[in-house]
Amino acid sequence: MTVASTSPPLRRPRGDGALAALFVAPAMLGFLVFLLWPTLRGVYLSFTRFNLLTPAEWVGLDNYVRMVNDPIFWDSLTVTVEYVAINIGVQTVSALAIAVLLQRLTQSAVLRGIVLTPYLMSNVVAGIVWLWILDTQLGIGNEIIAGLGFDRIPFLADETWAIPTIALINVWRHVGYTALLLFAGLQAIPNDMYEAAKVDGASEWRMFWRITMPLLRPILAVVLIMTVIGSFQVFDTVAVTTAGGPANATNVLQYYIYGSAFGRFQFGYASAMSVALLVVLSAITFLQYRLTRAGHTDLG
Amino acid sequence: MRIHMRTVGALTGALALSLVTGCAQGGTAGSDGKTVTYWLWDASQQPAYQACAKGFEKENPGLKVKITQLGWGDYWTKLTASFIAGTEPDVFTDHIQKFGQFADLNVLEPLDDLDIDDSAYQTGLAANWKGQDGHQYGTPKDWDTVALFYNRKLTDAAGLTGDQLNSLSWNPKDGGTFEKAIAHLTVDKNGKRGDEQGFDKDNVKVYGLATGGAGDGDGQTTWSPFAASAGWNYTDKARWGTKYQYDSETFQSVIDWYFGLAKKGYLAPFTDYTDGANPANAQLASGKAAASFDGAWMISTYYGTKGLDVGTAPTPTGPTGKRATMMNGLADSVTKNAPNKEGAKKWVRYLASDECQKTVGGYGIVFPATPDGTKAAVAAYKKKGIDVSAFTEPVTDKKNSATFSFPVTDYAADVYALMRPAMQDVFANDAPVSGLDSTNDQINLILGQ
C-alpha cells in the first residue's frame, strides 16, 4: 500500500456541468437551428402572407380561415388518410407475417437480406420504375395482364386505382424494413416460453396469439407510431408517379403543401397547412401511445 | 431513401435559403465583370448558342459567356432557388408560362434601353414580353407552333393522302372531315376501322389520335387548336387579361366534343397518357396511335425516331374558317440582381440580333424569332429532308390561319393549379364541362384580388 493509492477526497463534481454542456452543444445547435427555429418561424409564417422574395405581411388568422373553407385541403386530408390506412394496414400485417416466418421457420441471414433489398432503393427510383412497369399502354405489368387475357388496368391514371397503387408501391419498399424491426422485437421474446407452450401442446397459431402478440406489443406500438408518421408524410412517390392527379385523386397533404409553397409561392398558407398536419400527427401519436400502452411491457 | 419532408420541412428549406441570401451576394461567377452566365434548358440547343457565344466574344473582347444547361424540371426549381439565394444567372431563357409569375415576384430587369424593335421579329413575339407596367422584360428568341404529326405507314394503309390531311376541317357538331379522318385511322383488335360497322370502341388496337393528357389550362397541344379556331380566347384581353373565359359556351362545347372523341374510341383515353412514360410521341412511336398534335420543338424527336416514317399537316380549319395554332415564343431575360448587368444586356442584345438568330437557325432545331433566322432554320430542316411548312404556314399565311399566344396574366401558377385537376376531371372522370364554370369563377376571383 502506498500513499499514491489513497482515493481522492470526495468532491462535488463542479466541472461536469460545463463539460456536459459542451458535449450537448453540437446536437443542441442542430436542434435549435434546424428544428426549433424553423418550427417557430413556420408557426409565425402561418399568420402571414409570404412569397419568399418580399417581406412577410401579417394577416392574422386569414390562412386558417381559408384552410377550413378550402375543399381541396379537406379532400387532400381524406386522400392522405385513405393512403395511410391502406399503406399501414397492408404493411403492418405483411411485415408481421414475414417477421414471424423469419423467426419461427428460418435463421437464414441471406433471406433476411433479401427481404430488406427494396429498402435499399431510393423512393424516387422505386416510384419511376413502378410507373414504367404499370403504364397502361407500354408497361410490362400491363403487357402481362393483357397477355393473360384480362383488361389493362390504369394503375396510376385512374382515380380509384391511384391511391391503392401508390400505397402498395410504398408497402413493397418498406415492408422488409418494418419486418426487420419487428423481427428484432421477436428475438427479445425468450425461447423457453415457446418450448413450454409446445410441451403443453399449443399450436403455432395459438402461440402466435398468446405469446408472440402480447409480448411484441410494445415494439409493435413503436413501429406503428413511426410508420404512421412516415406514412402521413408521403410525398416523393406521389411527386414522381402521379403529381397529385388524376383530378387531385392523389393530392396528398404534403404534395398540396409543397405545391402551394413552391409552385404558387403561398408560403403563408402552406405553413398554416403544415401546422395543421403537425397538430393532426401529434394527436394521432398521443392517441396511439395511450391506446397501445407503448411504454409498458408485459414481459417480466 | 424516403424524403422526410417533416411537418415543417418546407419551412426548414425556406429558412436555410433565407440564411444563404445574406452572404451569397457577389459570390457568383459573373461578378468579375468579365463573365456573363447564361442558363437554358434544351440540351439540343446548347451547341447553337455556344456558336453564338463565340461570335459574341469575338465582338466583345474581354467578355466571356458561360452557358449552363439544366433539364426542364430542375431548371425552374433551381432558377427560383437562385433568386432567393442571390445566385441567379445574369441571363436566362424565359418561358411565357412563367413570365407572369416572375413579373409578380419582381425579379426581372427591364430591357427598354435595348430599344427592341417589334417589327424585327415575327408578329407578336416581342409584345408578349411587355409587362403590365409597359416595360419590356424579354427579347424574342424563337417561336413554335403546333401541327399534326402522323405515321405515314398508317395513313397510307388507311388510304389518306397528304393533301387530304393538309385540308382537314372540323366543327363541334359532327367533327367534320377531321373526325372522319381520325375515325378512319382508328383500328380495333378485329381489324375494323372506327368508321366501319361493328367497330369495337372498347378494344382499340390503334387510336386515330394520340392523347396528350387533359391539357391543363392552356391545351397547347390538345384542345387549343380547336377552341381557338371556334373563335374562343383564353381571356378578355390578348395580354394581361383580367378575366378567364373557361365558362364560355363555345369553349365548353369544344371540350365536350374533343374529349368525346375518346368516348367514341378515336382519341386515346386519359389513362393512356403518362407524362414521364408515355407522352404523345411515344404513342406514335409504339404504333398505338396514328397521329398526334405536337409542337415544333418536337420535330427532331419525331423525325429522329427509328422506324417511324413521319408526315406533318397543319391544324384543321375550324368554324371561324381559319386554322388556329398557339404561337409561343421563348425569350431571353436579364435578372434584376444580375452580378454582371452590363455584360448581360450586351449578351441579350446579341442573342436578339439577326446575326445570332441566323446562326441558331442554321442548326435546324428551332425557329428563331427574326424572319431571316426563321428562313435559315427552314433551309436547315430542308437539308435534313424535313418539310416544316405545317409549322411555318400559320405564321405566314394570315388569310387561312390564325395564331394566338399563351395566356399571359397575373397568378399564372394559381390558374395552373386550379385548371389542371379541373380538366383532368373532365377527361379522366367524365365530369360535366359545366363544372368548369365554378373553376373559372375561382380563378377570376383570384385575379380580381
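Within every chain, numbering begins at 1; the chains are lettered A, B, ... in the order of the sequence lines, protein sequences first and strands thereafter.
- Proximity to chain A is absent for every atom of B:V426, based on heavy atoms less than 4.5 angstrom apart.
- Each ring pair (Phe, Tyr, Trp, His ring centres under 6.0 Å) pair with one or both residues in residues 120-148 of chain A, not counting sequence neighbours, appears once here: A:W130-A:W172.
- Residues of residues 209-220 of chain B lying under 4.5 angstrom from chain A, judged on non-hydrogen atoms, do not exist here.
- Between chain B and the residues A:A239, A:A243, A:S260, A:G263, the most heavy-atom pairs under 4.5 angstrom are made by A:G263.
- Salt bridge status for B:D430 with B:K263: present, with a side-chain N to carboxylate O gap under 4.0 Å.
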Using residues 411-419 of chain B as the side-chain source, report each donor-acceptor pair under 3.5 Å to any protein atom, sequence neighbours left out, with the distance given to one decimal.
unit_1, atom_1, unit_2, atom_2, d
B:D414, OD2, A:R264, NE, 2.8
B:D414, OD2, A:R264, NH2, 2.8
B:D414, OD2, A:Q266, NE2, 2.8

For this session: Go through A:F262 and B:T77 one step at a time and tell me if the side chain to side chain contact (heavy atoms under 4.5 Å, CB included) criterion holds.
Result: CA-CA 8 Å; A:F262 296 95; B:T77 316; over 6 Å; no
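- Applying the ring pair (Phe, Tyr, Trp, His ring centres under 6.0 Å) test to pairs two or more places apart or on separate chains, those with a residue in residues 427-449 of chain B are B:F259-B:F427, B:F270-B:F427.
- In summary, the side chains of A:Y269 and A:D62 do not present any donor paired with an acceptor at a separation below 3.5 Å, with no hydrogens or angles considered.
- Ion pairing between B:K336 and B:E88 fails under the 4.0 Å rule for side-chain N and carboxylate O.
- Considering only heavy-atom pairs separated by less than 4.5 Å from chain B, the leading option among A:L253, A:V240, A:N248 is A:N248.
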